[in-house]
Amino acid sequence: MKIGYPCINLTLPCKGDRTFRLRSYSEERLVATVRNNLDCLLDVLRFNAEHELLFFRITSDLVPFASHPVCDFDWQCHFREDLARIGAYIRNNRMRISMHPDQFTLINSLDPGVFERSVKELLYHARVLDSMGLDKSARIQIHVGGVYGDKSESIRRFSARFKALPDRVRRRLVVENDDRLYTVQDCLRVHGETGIPVLFDAFHHFLHNDGETAREAVEGSGATWAEADGLPMVDYSPRRRGAYRGGHASSLDTDDFRRFLKETEPHDFDIMLEIKDKESSALKAVEICRNDRRFSRVVNEVWAPPSPS
DNA sequence: CCCTGTCAAGTCACG
DNA sequence: CGTGACTTGACAGGG
């Protein structure tokens, strides 16, 4: 099990997700911003390595407007060495990486233009990971998309579109259950049609499910990951007490986290803590796993399949 | 320098 | 049919 947090670090002074307004786009502005973001990313990764946080989500804002028509700059070439250096650092420290394009990326959209823009956005994400020389355990997670009045048809459309995606995108894509439309069960149907691994989001599952326990959902989604895909990825946010819905709680509820770990034993996975205070909660999680012998997974050990005995 | 309206992109629920 | 939620900060223009 590796423990991580998404996109930004609140301890360090640098900001790794700097962007700017489309109106103020210029090549100089882009280069300066990407320069800043890459430098900061390496700082954050160093911080993570020092604190045994080996799972990290790289922000989609690393290269602002990378998939927008306004951007005709060859950032991959210009920043080749920086990207390669970051990738080497990730590999040397056995870090796990994910990326998560935002809600505008919809490969099952009825609108061909939306689909087209989504492919460009996915290609951008794949290029970031490719430029870093990361293997296919570095994943890009998206939701299934819209329902458009017919979920089965929309799942079929997702699957058909998926099969036609560029290989560099297809090999990294995973689907995540969302909080209103597609449950873990729905994602498993997508897996059945495409073979895509299913990323389990515990918070979304709590808000939207088909009656199965978190344990069952972890087992079902976990079985969709082949060895070359890397360990299953799980997103976890604390449920906010008293609020049925609402955003992520501001800090880790250690009791709830312990309960989740206990409930899902002995299944191993890498866990992303999507919590407002970022690395602060992730560090708490590392402490919990290290100091509590009741938990069977070993943090940051190289994973091996459970022995049959 | 401070204030504040607005920011690339989509979909669904709600009133 | 129009607006807000999703999630949230910070960019950038105007005073």
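Note that the coordinates shown come from a computational prediction; the quantities given were computed from them, not determined experimentally. In what follows, chains are A, B, ... by sequence order, proteins preceding strands, each numbered from 1.
A:Y148 comes within contact range of the sugar-phosphate backbone alone, with a heavy-atom separation under 4.0 Å but no base atom that close. Looking at heavy-atom distances under 4.0 Å, A:R21 makes contact with a base. At the heavy-atom level, A:D17 lies nowhere under 4.0 Å from the strands shown. Among the atoms of the strands shown, only primed sugar atoms or phosphate atoms (P, OP1, OP2) are found under 4.0 Å from some heavy atom of A:T19. Across all strands, A:V147 comes closer than 4.0 Å only to sugar-phosphate atoms, never to a base (heavy-atom distances).
Taking atom CZ of residue A:R18 and atom C1' of nucleotide B:dC7, one finds them 16 Å apart after rounding to whole Å. A:L122 places its CG atom 13 Å from the C1' atom of B:dA9, with the value rounded to the nearest Å. Atoms CZ (A:F20) and C1' (C:dC11) sit 11 Å apart, rounded to a whole Å. Put simply, CG on A:L30 is 14 Å from P on B:dA8, counting in whole angstrom units. Rounding to whole angstrom units, OH of residue A:Y182 and C1' of B:dC12 are separated by 12 Å. Atom CG in A:L22 sits about 10 Å away from atom P in B:dC7, given to the nearest Å. Atom P of nucleotide C:dT7 and atom NE2 of A:H204 are separated by 6 Å, given to the nearest angstrom. Remark: P of B:dC7 and CZ of A:F65 are 12 Å apart, rounded to the nearest angstrom.
Relative to the side chain of A:E121, the nucleotides B:dA8, B:dC12, C:dA12 differ in distance, and B:dA8 lies closest. With B:dA8, C:dA12, B:dT11 as the choices, the nucleotide that has an atom nearest any side-chain atom of A:S24 turns out to be C:dA12. Closest approach to the A:D102 side chain among B:dT11, C:dC11, B:dA9 is made by B:dA9 (side chain taken as heavy atoms from C-beta onward).
Separating the C1' atom of B:dA9 from that of C:dC1 is a span of 22 Å, rounded to the nearest Å. Taking atom P in both C:dT3 and B:dC7, one finds a spacing of 14 Å when rounded to whole Å. C:dT7 sits 16 Å from B:dA13 when the P atoms are compared, rounded to a whole Å. Of the P atoms belonging to C:dC11 and B:dA8, the separation is 13 Å, rounded to the nearest Å. With P as the reference atom, B:dG5 and C:dG4 are 14 Å apart, rounded to whole Å. Separating the C1' atom of C:dT8 from that of B:dT4 is a span of 15 Å, rounded to the nearest Å.
A salt bridge links A:E153 to A:R156: at least one charged side-chain nitrogen sits closer than 4.0 Å to a carboxylate oxygen.
A donor-acceptor pair under 3.5 Å is formed between the side chain of A:H125 and the backbone N or O of A:E121.
No side-chain donor-acceptor contact under 3.5 Å links A:S109 and A:R161.
Of the residues listed (A:F200, A:F206, A:F257, A:F269), the one engaging A:Y236 in a ring-ring contact (aromatic ring centres under 6.0 Å, His included) is A:F257, and it is the only one.
For B:dA13, the paired nucleotide is C:dT3, the pair qualifying as Watson-Crick or G-U wobble because both relevant distances are below 3.5 Å. Across all strands shown, B:dG5 is found opposite C:dC11 as a Watson-Crick or G-U wobble partner, with both distances under 3.5 Å.
Using a 5.5 Å limit on the distance between ring centres and a 30° limit on the angle between planes, the aromatic ring of A:F104 counts as stacked on the six-membered base ring of B:dA9.
Here A:R180 does not reach the OP1 or OP2 of B:dG10: none of its side-chain N or O atoms lies under 4.0 Å away.
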Side chain to side chain donor-acceptor pair (under 3.5 Å) between A:D210 and A:T183, worked out:
CA-CA 7 Å; A:D210 297 294; A:T183 61; 2.6 Å; yes
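Each of A:K15 and A:R23 lies near DNA chain C, and the nucleotide nearest A:K15 is the one positioned closer to the 5' end.
Residue-environment remark: CZ (A:R18) stays at or below the threshold of 12 foreign heavy atoms within 6.0 Å. A 6.0 Å sphere centred on CZ of A:R80 holds no more than 12 heavy atoms belonging to other residues, nucleotides or ligands.
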